[in-house]
Amino acid sequence: MVSVNPFADFRCECETVLAQAVKHAFHEIETVAFPLGKPPRPDYGQLASPLCFELAKKLKRKPAELAVLVVQATDKSHFNLIEKVEAVGGFVNFYVNFPKFSALTLKSIKQLGKNYGFPKTDAPKKIIVEHTSVNPLHPIHIGQARNPILGDSLARLLKLRGHNVSTHYYVDDVGRQSSVIAYGYAKLGKPKPDEKADHFIGKIYTITSCIVELNRLKRQLEAATDASANEVAKLNKDIAEWTGIAAELEHKYPTLFNALLEKISADTNPEEEISKLNRAYEDGEPNAQKLIREVSELCLEGFRQTAKRVEIFYDSWDWESDFVWSNQVSDVLSKLKSSGFVFSEEGVLEFDAAKVIQDLQLRAKLGLREEQEVPPLTLVRADGTTLYTTRDVAYTLWKFSKAEKVINVIGMEQSLAQLQLKIALYALGFNKQAENLVHFAYNLVTLPGYKMSSRRGHYITFDEVLDEAIKRAYEEVSKRSPQLTEEEKQNIARFVGIGAVRYALVDVDTGKPVVFTWDRVLNFETNSAPYVQYTHARACSILRKAERAPTKLFCEELDEQLEHDLILTLASFPDVFIEAAEYLKPNIIADYSNALADKFNTFYNALPVLKAETPELCDARITLTEAIKIVLNNALNLIGVVAPEKM
RNA sequence: GGGCUCGUAGUCUAGUACGGAUUAUGACACCGGCCUGCGGAGCCGGAGGCCCUGGGUUCAAAUCCCAGCGGGCCCGCCA
């Protein structure tokens, strides 16, 4: 007999037994829910019900007495995975029958192998996970790297849950900043990158943007003849700040900086050139199209290389400009206009989110409190151009033409914009879509005492973090296993370093900010990917040395507390997976893998596998070790971490 | 000013959706042990907590509700 979820089978049996017993003992009472929870200690069993505390009220009797009655009323002939039921202090405690339960669990893991732990959903959906979507202006930095790591883990979870998942990258190429980089790139004569393309583009962007900003401020100061002293002071302060940044950049990249400065200074009004380019691009003018697409593509090629290093791939690259050129944005706009929730003020078109909430009574649906006010959203500027969120409405509707559910992995600082987006869908009558639009929000990654700013070139790139991780892992592996060949060491350093980074970024609760420190991200000890990887390699090593596969299970031999604990942990993996997939909590997979590794290491130190007292016990422990290897591998795979045979 | 979010040992963190048991999870750092043993990236032990504060609901609150306090974020004709 094989089970896709052994612990759920046990829970199900307990529920049935409990329901029957309660019905039998107190037929005058109608009970609908039969709560079962994990007791704090193993001597209270593996599942326990506090039901009698509730019944005590209705029946006006003591919980302890009722628990005894419930236990007496249980029908033992129905026990399969249950060993016994006991009443302790008002709780009804269920004890698992370990010989049977171990056999079921280990047999299931052995038979299902890499498919163990992934029960399929009853309602498979077509789901789009949009993640990363970093603007193609500069390399992905560590503050943004949490996004692809979370998005990719979510996609893996949902796929294995049985959904049809496709991952999308939204290329934000419409907007002033894309024209800034394109302008600088064109000024330099569209040079071929002499390093990784996104790093190359990043430098040009930062320098160009700095020079243009400084130029703008200076001209503004010249024109400010009748401005107040305060305004002049503010301008001077900004100029001083940007001059400092410029000096820093000139020092770091003298050739590039001076080349750009010379070319840009030839333009009397660079600001105006950039705006022109921006308008031409939105209008689909061929030269502008070619230029901006070329520079964006260059940067994206760099992103693809970085993503590949961490085993992340995208099914679709969606260009924001395509939605502008194809009139999907203007179509959505005219629909919004006729919805009655749009008003114009001084030539600016505004979307009245608050009125939508009131008229359509969305407060409860959106989980908003009475006093929460949602500000209006600007849809169209006075000059007739659209804004990011406006275009996002069109993009979101396009995504819904391809999927039933859309998950946007976006930082929590965009919560309001994502809420307004959802409200816009309701305003257009796309209720079902609005309900299936999920903003998967996560908190920022920050550097201690340092404000990351891509405009100023102040950031640590994701590539740098990966390089450093691999370098440190290499030092570590050289120290620990000097006998390995150079090639082996490099290979191990790669998956250990990258695993460590992925684990560190997925492990923390998404609601909490991560303060980036090298020690935190490059942890190779307990509660890290390397620790779990090491444990997996250790299990593999034992299995290699065993040189045989047990033909019988001998599960009744596994009667140590540590072994029981391991079996229970293995058996509950499907439950953990379901929770992670349903509630979008990839971090609990990381926690689970660490907990399982911990338990296995404790077991390993306390009890011999290959030198067990009897051949039967030895076989049983080999089977257990094999199961642990499989489950560790399956768990690590969910968070995109390699499970190595050796390291 | 309004809203969102977080608050658990020196630092970091699990548990909070769905309230349960006289020991609240684990890591780092700290103190003391364990390598002729299946891989020491490990294991065992010790010390360290008014679960932000105050009320409320309940047989039972880290968990739910209310009111505060503290940090972060958002409230743009930026994205």
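Note that these values count all heavy atoms, side chains included, but never hydrogens, waters or copies made by symmetry. Just so it is clear: chains get the letters A, B, ... in the order the sequence lines come, proteins before strands, and each one is counted from 1.
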Length of the CG-C1' vector between Asp507(A) and rG15(B), whole Å: 14 Å
Between rA27(B) and rG70(B) - C1' atom distance, rounded Å: 26 Å
Polar side-chain atom of Thr510(A) near backbone of Tyr442(A) as donor-acceptor pair, under 3.5 Å: no
Within the 6.0 Å centroid threshold, strictly below: Tyr531(A) and Phe524(A): no
Aromatic ring proximity, centroids under 6.0 angstrom, Phe53(A) and Phe91(A): yes
side-chain contact (heavy atoms from CB on, under 4.5 Å), paired with Val532(A), selected from Leu632(A), Asp598(A), Ile639(A), Asn527(A): Leu632(A)
rC77(B) versus rG3(B) - spacing of their C1' atoms, nearest Å: 23 Å
Euclidean distance, atom CZ of residue Arg146(A) to atom P of rC73(B) [Å, nearest integer]: 15 Å
Any Thr446(A) side-chain nitrogen or oxygen under 4.0 Å from OP1 or OP2 of rG72(B): no
Between rG19(B) (C1') and Lys38(A) (NZ): distance, integer Å: 17 Å
Span that lies between the C1' atom of rU25(B) and that of rC51(B), in whole angstrom: 12 Å
Options rA41(B), rU13(B), rC44(B), nucleotide nearest the side-chain atoms of Thr602(A): rC44(B)
Along RNA chain B (nearest heavy atom to each residue), the more 5'-positioned of Ile588(A) and Gln414(A): Ile588(A)
RNA chain B-proximal residues of residues 379-390 of chain A, any heavy atom under 4.0 Å: Arg381(A), Ala382(A), Leu387(A), Tyr388(A)
Aromatic ring proximity, centroids under 6.0 angstrom, His131(A) and Phe440(A): no
Partner nucleotide of rC50(B) by Watson-Crick or wobble geometry (both distances under 3.5 Å): none
Under-4.0 Å side-chain N/O to phosphate OP1/OP2 contact, Thr526(A) with rG42(B): yes
Closest non-hydrogen atom pair between Leu36(A) and Cys14(A), with its separation: CD1-CB, 3.8 Å
rC35(B) glycosidic torsion: syn (within 90° of 0) vs anti: syn
Non-hydrogen atoms of Glu626(A) and Leu543(A) that approach each other most closely: CA-CD1, 3.8 Å
Whole-Å distance separating the CE atom of Met412(A) from the P atom of rC75(B): 14 Å
Spacing of Leu51(A) atom CG relative to rC18(B) atom C1', expressed in whole Å: 15 Å
Length of the line joining Leu444(A):CG and rC6(B):C1', which is rounded to integer Å: 13 Å
Parallel, tilted or perpendicular, as decided by the 30° and 60° cut-offs, for the rings of His138(A) and Tyr205(A): tilted
side-chain hydrogen bond (donor to acceptor under 3.5 Å, both in side chains) partners for Tyr534(A), two or more places apart: none
Salt bridge flag under 4.0 Å for residues Asp383(A) and Arg279(A): no
Proximal nucleotide (of rG42(B), rC12(B), rC74(B)) relative to the Arg520(A) side chain: rC12(B)
Integer angstrom distance from the C1' of rC69(B) to that of rC28(B): 29 Å
Nucleotide forming a Watson-Crick or wobble pair with rC18(B), both distances under 3.5 Å: none
I'd like a table of atom pairs between the protein and nucleotides 35-40 of chain B - only N or O on both sides, under 3.5 Å - with the distance next to each one.
{"unit_1": "rC38(B)", "atom_1": "OP1", "unit_2": "Lys611(A)", "atom_2": "NZ", "d": "3.3"}
{"unit_1": "rC38(B)", "atom_1": "O3'", "unit_2": "Lys545(A)", "atom_2": "NZ", "d": "3.3"}
{"unit_1": "rC38(B)", "atom_1": "O2", "unit_2": "Val609(A)", "atom_2": "N", "d": "3.4"}
{"unit_1": "rC38(B)", "atom_1": "O2", "unit_2": "Leu610(A)", "atom_2": "N", "d": "3.1"}
{"unit_1": "rC38(B)", "atom_1": "N3", "unit_2": "Val609(A)", "atom_2": "N", "d": "2.9"}
{"unit_1": "rC38(B)", "atom_1": "N4", "unit_2": "Tyr604(A)", "atom_2": "O", "d": "2.9"}
{"unit_1": "rC38(B)", "atom_1": "N4", "unit_2": "Leu607(A)", "atom_2": "O", "d": "2.6"}
{"unit_1": "rC38(B)", "atom_1": "N4", "unit_2": "Pro608(A)", "atom_2": "N", "d": "3.3"}
{"unit_1": "rG39(B)", "atom_1": "OP1", "unit_2": "Ser541(A)", "atom_2": "OG", "d": "2.8"}
{"unit_1": "rG39(B)", "atom_1": "OP2", "unit_2": "Ser541(A)", "atom_2": "OG", "d": "3.3"}
{"unit_1": "rG39(B)", "atom_1": "OP2", "unit_2": "Lys545(A)", "atom_2": "NZ", "d": "2.1"}
{"unit_1": "rG39(B)", "atom_1": "O2'", "unit_2": "Tyr534(A)", "atom_2": "OH", "d": "2.5"}
{"unit_1": "rG39(B)", "atom_1": "O2'", "unit_2": "Arg538(A)", "atom_2": "NE", "d": "3.1"}
{"unit_1": "rG39(B)", "atom_1": "O2'", "unit_2": "Arg538(A)", "atom_2": "NH2", "d": "3.3"}
{"unit_1": "rG39(B)", "atom_1": "N7", "unit_2": "Ser541(A)", "atom_2": "OG", "d": "3.2"}
{"unit_1": "rG39(B)", "atom_1": "O6", "unit_2": "Met647(A)", "atom_2": "N", "d": "3.3"}
{"unit_1": "rG39(B)", "atom_1": "N1", "unit_2": "Met647(A)", "atom_2": "O", "d": "2.6"}
{"unit_1": "rG39(B)", "atom_1": "N2", "unit_2": "Met647(A)", "atom_2": "O", "d": "2.9"}
{"unit_1": "rG40(B)", "atom_1": "OP2", "unit_2": "Arg538(A)", "atom_2": "NH2", "d": "2.4"}
{"unit_1": "rG40(B)", "atom_1": "OP2", "unit_2": "Tyr604(A)", "atom_2": "OH", "d": "3.2"}

Tyr583(A) side-chain proximity, nearest of rC18(B), rU8(B), rC28(B): rC18(B)
Separation of the C1' atoms in rG7(B) and rU63(B), to the nearest angstrom: 14 Å
Interatomic distance at P, rC4(B) relative to rG20(B), whole Å: 26 Å
Candidate nucleotides rA41(B), rC59(B), rU16(B), ranked by approach to the side chain of Glu54(A) - the nearest: rC59(B)
Nearest-angstrom distance, P atom, rC12(B) to rC43(B): 24 Å
Nearest-nucleotide pick for Glu525(A), side chain only, options being rG20(B), rA21(B), rG42(B): rG42(B)
rA14(B) phosphate, OP1 or OP2, under 4.0 Å from Lys512(A) side-chain N/O: yes
5' precedence on RNA chain B between Val508(A) and Glu350(A) (nearest-nucleotide basis): Val508(A)
Rounded interatomic separation in angstrom, taking OH from Tyr503(A) and P from rU13(B): 14 Å
Whole-Å distance separating the CG atom of Leu416(A) from the P atom of rC78(B): 15 Å
Residues Arg11(A), Asp575(A): salt bridge by 4.0 Å N-O rule: yes
rA61(B) pairs with, by Watson-Crick or G-U criteria that keep both distances under 3.5 Å: none
Nearest-Å distance once atom P is located in both rU58(B) and rC52(B): 23 Å
